[in-house]
Amino acid sequence: MNNEIKFTDQNNALLTPIVDGATSGIEDIPKEWEDNRKIAADKKRDIEERLEAYEDIIDSEIGDTNLLRSRNIEREVGLRQLYLKFEGGNPTGTQKDHIAFAQAMDALRRGYETITSATCGNYGVALALAASCAGLRCLIYLPDNYHIKRDKEIINFGAEIIRVPGDYEQAVEISREKAEKDELYDANPGGLNTGLQMKAYGEIAYEIYDELRDAPSAIAVPVSNGTTLAGIHRGFVSLYRRGKVSRVPRMVAGSSYRKNPIVQSFLKNLPVCRDLNPGQIRETAINEPLINWHSTDGEHALQAIQMTNGWASYASDKMMMTYSKLIREHEGLNVLPASTAGLIALLDSHRKKAFPNDRYVVILTGRK
């Protein structure tokens, strides 16, 4: 821990530019959100009043993102009824806002003053914003060698960045140890909050159902830790058990080439999610959101893929860049290249054996 470098900024500004000339979804803050944020973050107010204000923020600003039928890409690839679920419509541009705000509210309800997590970038921004709105101190642990471009956003939201040696998995352990030692709220994946995180991601399934009024044939998701895919699957299982949908969709996972345990375990037909060799993992500016040698919720994700007769495959950096350009040019969405890994896995399978006419959904996030 002697090698830690801390960066802090007391500027809690919610207006932050991001890379490539894009801007986050919070550039124009509704007055109601700002009013609720002031109430939720005010430690002098009654906790019930703060929680009510924070819940209003979640209800009005998190989720309910666009589900766009991609007719232009349908014509390009010869697949009918392809839908893009653009999670870039969330405040910080990714699906991470779902779990960040759910956990910050949980921390607020349980009386914590500080929340902590490790990140590769996007989750850190989401958690920093969520903590800011709740009046919580936020500690973000970041591997020294990662090419994060969103560190200024994290700082602008009032969080502290703590650079640590090692990889993402080591940063998680350091953050988790800090939480246990100092009795901080641990918002890392794979801990006691796994159920809460999956329930938050399950909201994506409910939103898809609200639009389609049934489950699609398949849902393609980019995977790293596997929490998003597992949460969406859990959401559809709940809908199916309640008689809302006629089926549980096949779950499709895509990730960086030979750098994700979930995909590797599926391709090797393993019954459990087996870790990779840490020494063989090499991150790039493109694949960083996807790679790891240990997928924290990999077991849940692998089971979801297997139980639904889904599949998983890899995507190269070049392919992810190509597909992000395709989406930008054909549908006008500026997406994170790594988030196209699920789409690539879906379409690769379609090319090998054409899918029947049905509905297919791809999860995408904003370019950050």
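As the structure is a prediction and not an experimental result, all values here were calculated from the model.
Placement of V248 and M198 in two distinct hydrophobic clusters is found when ILVMFWY residues are connected by side-chain heavy-atom separations under 4.5 Å, directly or transitively. Following chains of ILVMFWY side-chain contacts shorter than 4.5 Å, one cannot reach I291 starting from M321, and the two form parts of different hydrophobic clusters.
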Practice item. Decide yes or no on salt bridge (Lys or Arg N to Asp or Glu O under 4.0 Å) for E331 and R71, but give the supporting numbers first. Key: CA-CA 9 Å; E331 301 298 348; R71 294 181 183 274; over 6 Å; no
Check your understanding: Between D97 and T92, does a side chain to side chain donor-acceptor pair (under 3.5 Å) hold up when you go through it step by step?
Key -> CA-CA 7 Å; D97 288 331; T92 67; 2.7 Å; yes
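The CG atom of L84 sits 12.0 Å away from atom CD of E87, with the distance rounded to the nearest 0.5 Å. Rounded to the nearest 0.5 Å, atoms SG (C133) and CD1 (I57) are 4.5 Å apart.
Heavy-atom contacts from other residues, nucleotides or ligands closer than 6.0 Å to CZ of R274 number 12 or fewer.
Looking only at side-chain heavy atoms (C-beta outward), I344 and M319 come within less than 4.5 Å of each other.
The two residues Y201 and Q95 come nearest to each other via the heavy atoms CE2-O, 3.3 Å. Taking both residues in full, the closest heavy atoms of L346 and W311 are given as CD1-CZ2, 4.0 Å, listed atom of the first, atom of the second, then distance. Of all the heavy atoms in V272 and E299, the pair that sits closest is CA-OE2, 3.4 Å. Summarising the geometry of V252 relative to A345, their closest heavy-atom pair is CG1-CB, 3.8 Å, with the distance given to 0.1 Å. Of all heavy-atom pairs spanning R282 and N287, the tightest one is O-ND2, 3.5 Å.
Remark: side-chain polar atoms of H350 are paired, donor with acceptor, to backbone N or O of G78 under 3.5 angstrom. Side-chain atoms of E74 come within 3.5 Å of backbone atoms of L82 as a donor-acceptor pair (strictly under, hydrogens ignored).
There is a side-chain donor-acceptor pair under 3.5 Å between N193 and Y185. No hydrogens or angles considered: a donor-acceptor pair under 3.5 Å links the side chains of Q197 and Q103. Checking H330 against E76 by side-chain atom types alone, a donor-acceptor pair falls below 3.5 Å. Side-chain polar atoms of S117 and N188 form a donor-acceptor pair below 3.5 angstrom. At a cut-off of 3.5 Å, with distance as the only test, a side-chain donor of W293 or D167 sits close to an acceptor on the other residue. For the residue pair S324 and T340, no side-chain donor N or O sits within less than 3.5 Å of a side-chain acceptor on the partner.
When each of I204, T365, I232 is checked for a side-chain contact (heavy atoms from CB on, under 4.5 Å) with K85, only I204 meets the rule. Across R250, R80, R247, a single residue satisfies salt bridge (Lys or Arg N to Asp or Glu O under 4.0 Å) together with D358, and that is R247. Paired with Y168 under the rule side chain to side chain donor-acceptor pair (under 3.5 Å), one option of T119, N292, N225 passes, and it is N225.
Both the sub-6.0 Å distance and the 45° axial angle are not jointly satisfied by R50 relative to the ring of Y54.
Aromatic pair Y83/Y360: centroids not less than 6.0 angstrom apart.
Classified by interplanar angle (parallel below 30°, tilted 30° to 60°, perpendicular above 60°), the ring pair Y314/Y257 is perpendicular.
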